[in-house]
Amino acid sequence: MNVLGLITARGGSKGVPRKNIRPLCGRPLLAYTAESALQATTLTRVVLSTDDEEVAAIGISVGLCVPFERPAELAKDSTPSLAVVRHALLALEQLGEFYDAVCLLQPTNPLRRPEDIDACVDFWIATKADCVVSVMPVPHEFNPNWVFWMTSDGRMSPSSGENEPVARRQDLPPAFHRDGSVYVSSRDMIINRNTLYGQDIRGFQIQREFSANIDTEDDWQAVERRMVAKLAVEVGTQVVYT
């Protein structure tokens, strides 16, 4: 089974300018995802898709392959991930490389572990699902059975479609959200059916301590504090924030 590890890192970013190559605890953000992907044992090859020369150079310096350049029209804020993944697969096929699946890895989670990548790929192989995504539990207060739609005049209705919300927290069915760390999709879904997900979508739950999603400056600072605190615990020092 040939699985492409695809890291997507464009040059632009609105929330955190140039975030993919901005230093986080002394290393470019991109380096953390590169390291996890290269240590994973289920990925046949790890490739970087970028439109930016500096991003490409840093990617190469941390061990990534950059066999093609992503077109500028596929590096906009509005560009969907599907279009970027399709382009990568087709560009590699023109170079004579063919893959059964793609493992999409976005640099926005520097805490992702190689074992979580491998677990998602193995789960995809074992279940023969269209797609496997990493997920996290939804806090009970945001469970769909406790969430309401509201009209402009304040009228509310349960988002679950039921007449009444679930009364007790203990009776809430488990709910999950995509955490954005790992997406594994078959080539057939992406190329022939034009979707990353398909109909048979499976979730693989990862531990909260290894999940992060950097979209804003606040996210960046929060993740940096977590990483500094973790390092302090490992070396036995005390962290003081000013």
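Throughout, residue positions are numbered sequentially from 1 according to the sequence presented. Heavy-atom basis, side chains included; hydrogens, waters and symmetry copies ignored. Because the structure is predicted, anything quoted here is derived from the model rather than measured.
Contact annotation: the side chain of Thr79 never approaches that of Glu73 to less than 4.5 Å [non-hydrogen atoms, C-beta and beyond]. Counting only heavy atoms from C-beta outward, the side chains of Val166 and Leu172 approach each other to under 4.5 Å. Under the 4.5 Å side-chain criterion, counting only non-hydrogen atoms from C-beta, Glu54 is not in contact with Asn20. Using a 4.5 Å cut-off on side-chain heavy atoms (C-beta onward), Arg22 and Trp220 make contact.
Formation of a donor-acceptor pair under 3.5 Å by the Arg112 side chain with backbone atoms of Tyr32 is not found in this model. Without hydrogens or angle criteria, Asn109 side chain to Ser211 main chain gives no donor-acceptor distance under 3.5 Å. Remark: side-chain polar atoms of Thr33 are not paired, donor with acceptor, to backbone N or O of Leu30 under 3.5 angstrom. No donor-acceptor distance shorter than 3.5 angstrom exists from the side chain of Trp124 to the backbone of Ser185, with no hydrogens or angles considered. The closest donor-acceptor contact from the side chain of Asn143 to the backbone of Val138 lies at 3.5 Å or more, if one exists at all. A donor-acceptor contact shorter than 3.5 Å is absent between the side chain of Asp51 and the backbone of Leu74. A donor-acceptor pair is defined here as one N or O able to donate and one able to accept, closer than 3.5 Å; no such pair exists between the side chain of Thr8 and the backbone of Ser49. Using modelled atom types, one side-chain atom of Ser61 and one backbone atom of Ile58 make a donor-acceptor pair closer than 3.5 Å. Without hydrogens or angle criteria, Asn2 side chain to Asp100 main chain gives no donor-acceptor distance under 3.5 Å. Here the side chain of Lys19 pairs a donor or acceptor atom with the backbone of Ile214 at under 3.5 angstrom.
Using a 4.0 Å cut-off between charged side-chain N and carboxylate O, Glu209 and Lys230 make no salt bridge. Salt-bridge formation is detected for the pair Asp52/Arg18: a Lys NZ or Arg NE/NH1/NH2 atom is positioned less than 4.0 Å from an Asp or Glu carboxylate oxygen. The pair Arg113-Asp118 does not meet the salt-bridge criterion, since no charged nitrogen lies less than 4.0 angstrom from a carboxylate oxygen.
The two residues Val46 and Ile7 have their closest heavy-atom pair at CG1-CD1, 3.9 Å. The two residues Thr50 and Ala9 make their nearest non-hydrogen contact at OG1-O, 2.6 Å. Between Cys120 and Ser134 the shortest heavy-atom distance is SG-CB, 4.4 Å. When all heavy atoms of Ile117 and Ala40 are compared, the pair lying nearest together is CG2-CB, 3.9 Å. When all heavy atoms of Met189 and Gly198 are compared, the closest pair comes out as SD-CA, 3.4 Å. Ala119 and Phe204 make their closest contact through CB-CZ, 3.3 Å (heavy atoms, listed as atom of the first residue, atom of the second, distance).
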Legend entry - Residue pair Leu196, Tyr183: steps toward the side chain to side chain contact (heavy atoms under 4.5 Å, CB included) verdict: CA-CA 8 Å; Leu196 278 175; Tyr183 299 80; 5.5 Å; no
Legend entry - Residue pair Val132, Arg202: steps toward the side chain to side chain contact (heavy atoms under 4.5 Å, CB included) verdict: CA-CA 5 Å; Val132 168; Arg202 309 291 179 105; 4.0 Å; yes
Legend entry - Asp188/Ser186 under side chain to side chain donor-acceptor pair (under 3.5 Å): CA gap, chis, key distance, verdict: CA-CA 5 Å; Asp188 179 60; Ser186 70; 5.0 Å; no
Inset, instruction - Under the side chain to side chain contact (heavy atoms under 4.5 Å, CB included) rule, what do Ser81 and Leu104 come out as? Steps first, then yes or no, please. - result: CA-CA 9 Å; Ser81 295; Leu104 173 61; 4.2 Å; yes
Inset, instruction - Take Val182 and Leu105 through the test side chain to side chain contact (heavy atoms under 4.5 Å, CB included) and record every step on the way to the result. - result: CA-CA 6 Å; Val182 186; Leu105 304 167; 4.1 Å; yes
Sequence neighbours excluded and cut-off under 3.5 Å, please list the side-chain donor-acceptor pairs for residues 83-96, or say none.
from: Arg86; atom 1: NH1; to: Ile190; atom 2: O; distance (Å): 2.8
from: Arg86; atom 1: NH1; to: Ile191; atom 2: O; distance (Å): 2.9
from: Glu93; atom 1: OE1; to: Arg187; atom 2: NH2; distance (Å): 3.2
from: Glu93; atom 1: OE2; to: Arg187; atom 2: NE; distance (Å): 2.6
from: Glu93; atom 1: OE2; to: Arg187; atom 2: NH2; distance (Å): 3.2

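Counting heavy-atom neighbours within 6.0 Å of Asn194 CG, excluding the residue itself, gives a total above 12. By the neighbour-count criterion of 12 heavy atoms within 6.0 Å, atom CD of Glu141 is densely surrounded, having more than that number from other residues, nucleotides or ligands. Heavy-atom neighbours of Glu164 CD from other residues, nucleotides or ligands within 6.0 Å: at or below the threshold of 12. Under a cut-off of 6.0 angstrom, the local environment of CD in Gln221 is crowded, with over 12 non-hydrogen atoms contributed by other residues, nucleotides or ligands.
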